[in-house]
Amino acid sequence: MTTRTSSAFGRPASIAGAVALAALMFAMPLIAPRAVVQDLFSILTLLVLAMNWNLLAGFAGLVSVGQQAFVGIGAYAMFAAIILWGLDPLVGALIGGLVAVLFAIPMAFFAFRLQGAYFAIGTWVVADMVRLAAGQWKALGGGTGTSLPKGTTRDMIGVPLVKSVLGVSSAAAADTVVYWLALGLAILTLAASFYFLRSRMGLGLQALRDNANAARSVGVDPRRIKAIVFLLTAFGTGLCGALIFIQITRVTPDAAFSVIDWTAFVIFIVVIGGIGTLPGPIVGVAIFYLLQRLLADYGTVYLILLGLIGIGIMLFARGGIWGAISDRTGIELLPLRHRPPSHQPVVVEQEAARPAG
Amino acid sequence: MTRAAPIIEIARLTAHYGDFQALFGVDMRLGVGETIAIIGANGAGKTTLMRTIAGIVSASSGTIQLDGRPITALSAPEIVMAGVAMVPEGRKLFPSLSVEENLLIGAYARKAAGDWTLDAVYGLFPILRERRNSPGTALSGGQQQMVAIGRALMSNPRVLLCDEISLGLAPVVIRDIYAAVPKIKASGTSIVVVEQDVGQALQIADRVYCMMEGRVTLEGSPADLSRAAIHDAYFGVSA
Amino acid sequence: MIWLDTLLQGVLLGGLYALFAAGLSLVFGVMRLVNLAHGDLIILAAYLILGVAAVLGVTPVVALLIAAPVMFVVGWLLQMQVFNRVLGDDILPPLLVTFGLSVVIQNALLEGFTANSQKLSLGPIETQSLHLGSVTVGVIPMMTLASAVAVIFLLNQLFYRTSLGRAFRATSDDVVTAQLMGIRPRRIFAMATGIAMVVATLAAFYLGARANFDPSIGPARLLYAFEAVIIGGLGSLWGTLAGGLVIGVAQAFGAAVNPEWQILSGHIAFVIVLLLKPRGFFPRATD
């Protein structure tokens, strides 16, 4: 391992750049057409999901294939809050996040009994169970789902204000509000991940990832930290799911609990961008979006390509695109003073193989 | 007798574990039918040397020749097929296999028939015949060691590498294990024994190599080596 | 007795799930590889049988016999060229590679064969059934269960009675020491995946003969198969059969109450079993 300069940019310069970028992103609804804002909204929500999954799998080693459970639960809880209890969608979204955490508690009791690959399958099965159960919720349309009542987003908190200040239609104002919320959630998730990973607990988590025994011997309780990460990411994922479905305005079990849309894409985004790094999901979501746009006319070809790139990354550049950039240039944005583990294939004639028994 | 034609010839061998260099230019030779012992303290590089010969650790530089043919770049399975079998440190029986299956798996890559068959191994270690259907890991340490040696013999090797076969065993058990060495030798197999117990090593070996910090510090026949010379080679020259 | 009939239907369905799961169980047992593309590979095999039958004008049974060795080669190559490179202590790379493969296969089939449902046509035997006292069972479901039992039995014979089986177990125990026996782990793994693909082809045959299939149904089949493997216990082939039967019976009873509850009941059975026995029915002692 070579030692690297901690950042190629000066610290103040990178902070200034980040603030300028955030300001530009904030101003998008004022300067860009509505279609662009809607696109950016979906990119930002995918980014939030990706950052959550990265935290879970890349840092806590919890390879979940069941995150769509939280997206769907967030969406369904929000719809219930609006339709059954007459609450504001944004309050509903918050409830969505909280219900996701409430569900994550018993789910963790089950899933944490399973190791590694069992955990992946177990979370997937649980998510499928919630999907099937949601299909039984007749008040929200059962298997065919339901739509938000007309005009729901028009009266949403903040929408009338934005409408009068910017002088746009209610629909555009609603897009703007959810866009800003998604932007805020993305920045918050990134900042929270950064500070969490640099906290005592976060450093313990990374120590754990690199060497479970060493971490245990310095007093890191793996189960507790992993459980905390599981619950936190359930909240972020549930909240994000609710936001996504405010924009979509219609929920069905298959759409809300889609393993492809909310987990498979997200996994590829993280892997291609660089798993176990903070900038990875950002790079990954940009590549994902480009692929989707460039190949929009070729049906599912972009999915095939996405799968192939994901496989290629795992075979030849485990650190993903960000890892490769950072290795070649020495640039380290959002440094955690820690590197993702370098992996070795085991079938080579080395000692890295499984111990006997 | 030390000038017998070599079956194994090692020249300027170096090896690393990651960044850590474990062998620094080791030269060694093993004559046909000869038994040599490698002695040295923990961390002297004995086990690394064995693992490098067996192909589990790859050499960084230098050569290992088997019967004049370089085997340095071969993989572990290829080296077994070329005629070098190893009894690994810690015995490493396969827990999912019975005693007999552990022995049979030793013959997995064997091409030609040879002296060592199941019956021959049971003849060498009769207790194993009684325990043939037990799981390998249900045996005592000494019996497990017998299985590990028998398993290596089942490939009919020309060279047998024995890594710390007395480790953790009671003296009486060690005696039983080492009683097999002359019989193995009699079958024409050349033997390399890594041993921490110097007395044991001097007893069975035709020649002894002493290693320290990844280098050979002393070489000779047991009769030629004085206790003082071994002590110096083992622990470094005392000032 | 209606519940006896339901039980029987569940057992027969479980036979199909066990067949889905047998190859997965073998690969899982030998190299701890979680192949998330297994379901899609089964669907791929179903399309292969369909294609061979159509192109050569042969019956699906003959097409199965042609497709099986082809799928063996597919499995061998996948293992040698892809999976072997990502096996290791870290479970993430193999999971992600097989997940990627799943998406690739699924969408490639979609591009090549559209989303239309297909079926393997076996002729009159499809509708034939046997009357056993008060219950009636279809001939094909019976054949499926019989094939599942036969496959599990043969795989067990292979595992515990042959030199290759010993090599499977030894490599599974300890990759490094296995190499000291002259075993080449990469080839052993490739052999296991090749055999698993042959079993997957048989599973595909029954899948296609019993019901419609389309490119998207792989992941659901993977889930049922994995449920069977996990509750059966890692590395236990008979456990996998038992696991398949549990899932099948649970689904059948769920469906008997309300057709919408079929899949959910299977999942609930999976969760309950794992809560009671986290390592499944027959965990291997040495894992």
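Note on naming: letters A, B, ... go to the chains in the order of the sequence lines (proteins, then strands), and numbering restarts at 1 for each one.
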*Looking at C:S163, C:A167, C:A170, which one has more heavy-atom pairs under 4.5 Å with chain B than the rest?*
C:A170

*Contact summary for C:G182 and B:V80, nearest pair of heavy atoms*: N-CG2, 3.7 Å

*asked:* So, taking the atom named CZ in C:R161 and the one named CD in B:E101, what distance separates them when rounded to the nearest 0.5 Å?
replied: 8.5 Å

*Shortest non-hydrogen contact between B:I56 and C:V176, atoms and distance*: CG2-CG1, 3.7 Å

_Approximate separation, where rounding is to 0.5 Å, of C:R166 CZ and B:S96 OG_ = 13.5 Å

*For C:R169 and B:L97, work out which heavy atoms get closest and say how close.*
CB-CD1, 3.5 Å

*Going by heavy atoms in the side chains, are B:F94 and C:M181 under 4.5 Å from each other?*
yes

*Verify the neighbour count for atom CZ of B:R129: are there more than 12 heavy atoms of other residues, nucleotides or ligands below 6.0 Å?*
yes

*What pairs with C:A220 under side chain to side chain contact (heavy atoms under 4.5 Å, CB included), at least two apart in sequence or on another chain?*
C:Y224

*Around B:Q21, counting heavy atoms of other residues, nucleotides and ligands shown, do more than 12 lie under 6.0 Å from its CD?*
yes

*Side chain to side chain, C:L180 and B:P88, heavy atoms closer than 4.5 Å*: yes

*Under a 4.5 Å cut-off applied to non-hydrogen side-chain atoms, are B:R151 and C:T177 in contact?*
yes

_More than 12 heavy atoms of other residues, nucleotides or ligands under 6.0 Å from CZ of C:R187: yes or no?_
no

Could you tabulate the donor-acceptor pairs under 3.5 Å formed by side-chain atoms of residues 143-154 of chain C, not counting sequence neighbours?
unit_1, atom_1, unit_2, atom_2, d
C:T144, OG1, C:I140, O, 2.7
C:T144, OG1, C:R210, NH1, 3.3
C:S147, OG, C:M143, O, 2.8
C:S147, OG, C:Y206, OH, 2.7

